[in-house]
Amino acid sequence: MDDKVILQTVADNIRIERLRKRISQEKLAEKVGISTKYLNMIENCKANPSINIVIKICIILDLSLDVIYKVK
């Protein structure tokens, strides 16, 4: 799988799950310990988050990693 496809998949799935749970970017970023700007960059494929950040996002959104990395 191409790196860009993986990055787009992660970005899309984070955004979808965040919106599904009705959590603002500001609130999620605060809980993860990152800036809102950085979370926005992640969701728009302009930043490649570390696995630590992805795990924190999963914990806060109550998701398993396979949901975030699942290609639809």
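Bear in mind that the values here come from a model prediction, so they are computed numbers and not experimental data.
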- Task: Kindly determine whether Lys21 and Asp62 satisfy side chain to side chain contact (heavy atoms under 4.5 Å, CB included), including the steps that lead there.
- Result: CA-CA 10 Å; Lys21 299 208 173 162; Asp62 192 29; 4.0 Å; yes

- Item | Verdict with reasoning, Leu39 to Val32, per side chain to side chain contact (heavy atoms under 4.5 Å, CB included) | CA-CA 9 Å; Leu39 180 58; Val32 174; over 6 Å; no

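Interatomic distance, CD of Glu26 versus OG of Ser35, reported as 11.0 Å (0.5 Å rounding). Within the model, atoms CD of Gln25 and CD1 of Ile42 stand 9.5 Å from one another, a figure rounded to the nearest 0.5 Å. Summarising the geometry, atom CD1 belonging to Ile6 is positioned 13.0 Å from atom NZ belonging to Lys4; distances are rounded to the nearest 0.5 Å. In this structure, the separation between CG on Leu65 and CG on Asn13 is 11.5 Å, given to the nearest 0.5 Å.
Residues Val67 and Leu63 come closest through the heavy atom pair CG1-CD2, 4.2 Å.
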Distance-only check: which donor-acceptor pairs under 3.5 Å involve side-chain atoms of residues 44-61, not counting sequence neighbours?
residue : atom : partner : partner atom : Å
Asn44   : ND2  : Asn40   : O            : 2.8
Asn44   : ND2  : Asn40   : OD1          : 3.1
Ser50   : OG   : Asn52   : N            : 3.4
Ser50   : OG   : Ile53   : N            : 3.2

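Both Ile14 and Ile34 belong to a common hydrophobic cluster when Ile, Leu, Val, Met, Phe, Trp and Tyr are linked at side-chain heavy-atom distances under 4.5 angstrom. Linking ILVMFWY side-chain heavy atoms closer than 4.5 Å, directly or via other members, places Val10 and Ile23 in a single hydrophobic cluster.
Gln8 pairs by the side-chain hydrogen bond (donor to acceptor under 3.5 Å, both in side chains) definition with Asp12, not counting sequence neighbours.
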